[in-house]
4 protein chains.
Amino acid sequence: MQPENKRWARRKEARPQEILAAALKLFVKKGFAATKMADIAKAAGVTCGTPYVYFSSKEEIFKAVVRELLLPQLARCHDLLSNFQGSSAELLRAMLQTWWQAMGESEFSAMPKLMIAEGSNFPEVAKIYQEEFVNPGNKMLRHLLQRGIASGEFRLLDIDYAIEVICAPIVMAMLMKHSLINCLPDELDPERFINTTLDLLLNGLLASPKDH
Amino acid sequence: MQPENKRWARRKEARPQEILAAALKLFVKKGFAATKMADIAKAAGVTCGTPYVYFSSKEEIFKAVVRELLLPQLARCHDLLSNFQGSSAELLRAMLQTWWQAMGESEFSAMPKLMIAEGSNFPEVAKIYQEEFVNPGNKMLRHLLQRGIASGEFRLLDIDYAIEVICAPIVMAMLMKHSLINCLPDELDPERFINTTLDLLLNGLLASPKDH
Amino acid sequence: MQPENKRWARRKEARPQEILAAALKLFVKKGFAATKMADIAKAAGVTCGTPYVYFSSKEEIFKAVVRELLLPQLARCHDLLSNFQGSSAELLRAMLQTWWQAMGESEFSAMPKLMIAEGSNFPEVAKIYQEEFVNPGNKMLRHLLQRGIASGEFRLLDIDYAIEVICAPIVMAMLMKHSLINCLPDELDPERFINTTLDLLLNGLLASPKDH
Amino acid sequence: MQPENKRWARRKEARPQEILAAALKLFVKKGFAATKMADIAKAAGVTCGTPYVYFSSKEEIFKAVVRELLLPQLARCHDLLSNFQGSSAELLRAMLQTWWQAMGESEFSAMPKLMIAEGSNFPEVAKIYQEEFVNPGNKMLRHLLQRGIASGEFRLLDIDYAIEVICAPIVMAMLMKHSLINCLPDELDPERFINTTLDLLLNGLLASPKDH
DNA sequence: GATGAATGAGCCTTCATTCAT
DNA sequence: TATGAATGAAGGCTCATTCAT
């Protein structure tokens with residue numbers, strides 16, 4: 001008595017997540033405007049009317065993608081880091097690694113692209129992303145830097161701007177995963193990438209002892 | 001007999017550039033799909049049929065924007081840097097500053113957003129951007145790093161990945177200029193931003209003398 | 001074992017009537033096309049699939065509304081009038097009053113609107129209405145007029161057309177109850193309305209004694 | 001050089017009126033909801049996008065039909081009657097005849113049906129119709145009755161309600177022209193109809209001299 | 001070259017209807 | 001009998017593109 005006829009399968013619980021997952025994939029690949037509702041439906045294994053059973057419009061699907069799929073990832077990051085013991089440099093390494101694992105290596109790596117591409121057309125979505133994802137993330141990084149500076153481990157920096165310099169490589173790596181644009185000569189090797197990022201951020205380019 | 005009097009006889013040469021400039025502004029603000037041909041025309045001061053006199057389709061306008069408007073900027077960068085005399089650190093500073101002035105502070109700051117957002121829908125455009133803009137830019141940076149390493153000024157680094165780490169902050173700054181997303185608490189102060197970027201990239205976070 | 005406990009076992013007999021009553025209310029308020037099956041179901045206290053247990057389509061519900069709800073009203077009129085004793089003028093008054101009470105003051109006052117609005121899209125329904133409601137009603141009025149003429153109480157009139165002149169005010173009153181259109185400066189006062197109608201129809205506008 | 005190819009004919013001036021005329025015909029025949037934009041377009045000899053060059057939505061077409069096609073008819077009536085010399089009974093006859101000629105015998109005879117059928121779904125349209133057509137028409141009739149009463153030609157009546165009784169037959173005749181519903185046994189003969197209406201309204205049903 | 005009315009394919013969304021439960 | 005998730009055809013509307021002027 002397996003549902004031979006998949007067409008009328010009733011899967012009320014699973015459908016919304018399947019639709020959101022399909023939508024995320026397509027939004028990421030083609031952008032919001034170029035993604036057809038019919039394609040989302042097909043990718044989710046339903047027909048074109050079904051998404052409207054669960055979401056009132058394409059834009060609502062977009063919002064739900066952010067809220068339901070992306071925001072939970074931040075909590076994961078937060079949990080992993082909140083109890084960290086060790087040097088600030090080690091904490092930074094742990095943070096970048098966790099971030100990459102939680103986002104960079106999952107389909108959520110596509111969210112930055114999506115927000116950059118479509119945010120200005122959907123201010124509500126951009127606001128959710130900014131306030132519930134970017135700001136909390138920045139806050140975590142700010143604490144980390146302040147912790148390092150307070151302990152004397154880190155130099156005194158222009159923290160506001162340093163945050164961006166530190167975030168930028170990992171965000172760019174995510175963006176490149178989802179464009180045809182690539183700064184790297186080959187496939188991204190995450191370990192090399194994070195090692196190099198940390199090496200540069202912690203020690204800088206200069207070979208000689210610093211003088212300034 | 002004055003051709004000036006005939007409204008449609010004037011400036012046959014200037015039209016394409018006006019259309020491309022209008023298109024760039026709108027693509028940047030709203031994305032490719034959300035930009036209507038009629039809006040491009042209006043912004044260029046012509047009517048909706050005129051763009052088709054010069055370009056065969058919306059996509060061709062996109063390509064032309066990249067080729068006609070973006071690529072020349074790279075040449076500017078290249079010229080400025082090719083004859084540089086001085087330390088590699090100073091060269092890096094000059095490069096970031098030139099890059100920011102040529103792109104970050106102009107409307108071309110929007111190109112990265114546009115390419116990230118729409119590149120996968122327009123592989124031809126992405127290819128042009130990759131091969132004629134990104135790759136040459138990376139090559140310049142690679143030379144800079146190799147020059148610094150060869151002279152002993154820079155440490156031995158994983159150059160391929162270091163390139164991305166160095167580019168990322170400035171590209172991210174451009175992206176943020178054109179989204180509602182912002183990692184910075186206030187308006188970007190270019191001087192502070194470039195100083196912090198260079199400080200971090202050259203000296204690293206760590207307070208203690210390096211040992212390796 | 002109490003069938004009351006099973007929510008879907010209760011009142012198999014009452015369902016169709018509840019659905020038709022709900023449908024009538026909604027058809028009247030919004031028209032046939034603008035009434036959604038789901039709304040009919042909800043108004044009838046069932047879910048969207050239930051109407052299809054009893055009716056094969058929305059149009060069949062429409063037909064049933066006419067047959068089940070409207071036609072019985074005519075019988076009521078007929079019964080009340082068939083045994084009337086008195087002058088023809090009194091009979092006309094009784095007829096208009098009965099008609100208004102049976103239809104004008106009930107929700108059936110909406111049927112004329114519905115038939116005028118949707119009749120041409122549903123010829124079958126229009127035919128039922130015409131043959132089983134309008135024609136019998138006209139016949140009653142024709143008998144009344146013939147009775148009055150035969151007795152010398154009424155003048156000799158073009159009966160076919162007089163029927164319509166006599167019907168028109170009361171039908172219009174029903175139509176106005178269900179539109180945003182209103183010829184009256186205030187709410188309809190049924191007594192004033194029927195008195196004026198009868199006064200005009202019986203005595204005419206002219207002040208002087210008739211001569212013909 | 002006649003436009004052999006009708007498809008690209010540019011007829012900016014005529015198009016809107018053609019579209020409205022086509023829309024009126026179809027709205028009348030099928031109702032607003034059942035009329036497809038594509039059908040309006042086809043009936044107007046254009047393709048489905050053209051109506052949107054001139055009207056922003058289907059509802060705007062509806063409004064324009066009322067404003068552009070219906071309201072001018074009222075002016076026609078008004079002009080014909082404003083200079084009338086003669087008895088009030090003759091004026092009433094002239095008014096009904098003019099009304100029937102201007103509306104009843106034209107396609108505008110369909111407007112009452114349309115307003116009754118769709119008015120409640122489009123309050124804005126209903127308001128225009130009520131305020132700019134029904135009210136002015138009623139006002140004209142009120143003046144006529146007051147004129148007749150003041151001169152002693154008409155009896156003292158409940159004017160508000162008499163207006164409706166007088167209007168009703170002619171409005172009903174228009175409604176019947178556009179439904180499958182008919183109170184008359186044969187095709188409407190306008191002359192017989194207006195004669196009977198006037199005869200009844202002026203003299204009443206009763207054969208005996210009035211006493212009151 | 002320039003115009004802008006006209007085109008028509010395509011997409012989001014609705015909703016009457018179906019059917020597994 | 002009743003449910004309500006799922007279906008899919010259809011319609012309003014958009015907009016890139018065309019072409020007579």
Side-chain angles (χ1 to χ4, degrees), chain A residues 1 3-13 15 33-41 45-59, chain B residues 3 6-12 15 33-41 46-59 61, chain C residues 3 6-12 15 33-41 46-59 61, chain D residues 1 3-13 15 33-41 45-59:
Chain A
M1 284 301 173
E4 285 297 318
N5 188 359
K6 291 289 179 75
R7 215 146 60 100
W8 283 89
R10 291 159 71 94
R11 311 186 47 245
K12 186 186 178 181
E13 306 305 324
R15 288 281 191 243
T35 297
K36 295 177 238 170
M37 285 296 282
D39 291 340
I40 295 177
V46 296
T47 54
C48 72
T50 304
Y52 290 94
V53 174
Y54 299 100
F55 305 97
S56 61
S57 70
K58 199 176 161 188
E59 182 170 354
Chain B
K6 306 173 76 170
R7 64 176 172 177
W8 45 264
R10 65 180 174 138
R11 286 185 313 171
K12 151 163 76 171
R15 283 279 185 253
T35 296
K36 298 178 219 167
M37 286 295 281
D39 291 341
I40 295 175
V46 296
T47 54
C48 77
T50 304
Y52 289 92
V53 174
Y54 300 100
F55 306 97
S56 64
S57 71
K58 199 176 162 189
E59 181 170 354
I61 291 183
Chain C
K6 305 172 77 173
R7 65 176 173 175
W8 46 264
R10 66 180 175 140
R11 287 185 315 170
K12 149 164 75 171
R15 284 278 185 252
T35 297
K36 299 178 219 167
M37 287 294 281
D39 291 340
I40 295 176
V46 295
T47 53
C48 77
T50 304
Y52 290 91
V53 174
Y54 301 100
F55 305 97
S56 63
S57 72
K58 199 176 162 189
E59 182 171 354
I61 291 183
Chain D
M1 285 303 173
E4 285 297 317
N5 190 359
K6 293 288 180 76
R7 215 146 60 99
W8 282 90
R10 291 160 70 93
R11 311 185 49 246
K12 187 186 177 182
E13 307 305 323
R15 288 280 190 245
T35 297
K36 294 176 238 169
M37 286 297 283
D39 290 341
I40 295 176
V46 296
T47 53
C48 72
T50 303
Y52 291 95
V53 174
Y54 300 99
F55 304 98
S56 62
S57 70
K58 198 177 161 189
E59 181 169 355

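Chain letters run A, B, ... following the sequence lines, proteins first, then strands; residues in each count from 1. The figures that follow rest on heavy atoms only: side chains count, while hydrogens, waters and symmetry mates do not.
If you take OH of Tyr52(C) and C1' of dT3(F), they are 14 Å apart, rounded to a whole angstrom. Nucleotide dT18(E) holds its P atom 16 Å from the CZ atom of Arg10(A), rounded to whole Å. Here the C1' atom of nucleotide dC15(E) and the CD1 atom of Ile40(C) are 12 Å apart, to the nearest Å. Between Trp8(A) atom CH2 and dT21(E) atom C1' the separation is 13 Å, expressed in whole Å. Between the P atom of dT18(E) and the OH atom of Tyr54(C) lies a distance of 17 Å, rounded to the nearest Å. Nucleotide dG4(F) holds its P atom 16 Å from the CE atom of Met37(C), rounded to whole Å. When rounded to the nearest whole Å, the span between CZ of Arg11(A) and P of dT7(F) equals 11 Å. Here dG12(F) presents its P atom at 16 Å from CZ of Phe55(D), a figure rounded to the nearest Å.
dT7(F) is paired with dA16(E) under the Watson-Crick or G-U wobble criterion, all donor-acceptor distances under 3.5 Å. Pairing for dT21(E) goes to dA2(F), judged as Watson-Crick or G-U wobble with the two contacts each under 3.5 Å. Partner assigned to dG12(F) is dC11(E), using Watson-Crick or G-U wobble distances below 3.5 angstrom.
Nucleic acid contact class of Thr35(A) (heavy atoms, under 4.0 Å, all strands): sugar-phosphate only.
Comparing atom distances between the Lys36(C) side chain and each of dA5(F), dA6(E), dC15(E) picks out dC15(E) as nearest. Ranking dT3(F), dA5(F), dT7(F) by closeness to the Lys12(A) side chain, first place goes to dA5(F).
One finds the NZ atom of Lys36(A) at 5.0 Å from the CG atom of Asp39(A) (value rounded to the nearest 0.5 Å).
Nearest heavy atom pair, residue Arg11(D) against residue Tyr54(D), reads O-OH, 4.4 Å. Between Thr35(C) and Lys58(C) the shortest heavy-atom distance is O-NZ, 2.8 Å. Heavy atoms only, all atoms of each residue included: Ala41(A) and Thr47(A) are closest at CB-O, 3.5 Å.
Nucleotides of DNA chain E nearest to Ser56(C) and Gly49(A) differ in position, and the one nearer the 5' end is that of Gly49(A). Position along DNA chain F of the nearest nucleotide to Ser57(B) versus Ser57(D) favours Ser57(D) as the more 5'-ward residue. In terms of position on DNA chain F, the residue among Lys58(B) and Ala33(D) whose nearest nucleotide sits closer to the 5' end is Ala33(D).
Look at Thr50(D) and you won't find any side-chain N or O under 4.0 angstrom from OP1 or OP2 of dA6(E).
Contact annotation: side chain of Arg15(B) to base of dG1(E), donor-acceptor pair absent below 3.5 Å.
Inter-residue side-chain proximity for Met37(C) and Ile61(C) is flagged as met; some heavy-atom pair is nearer than 4.5 Å.
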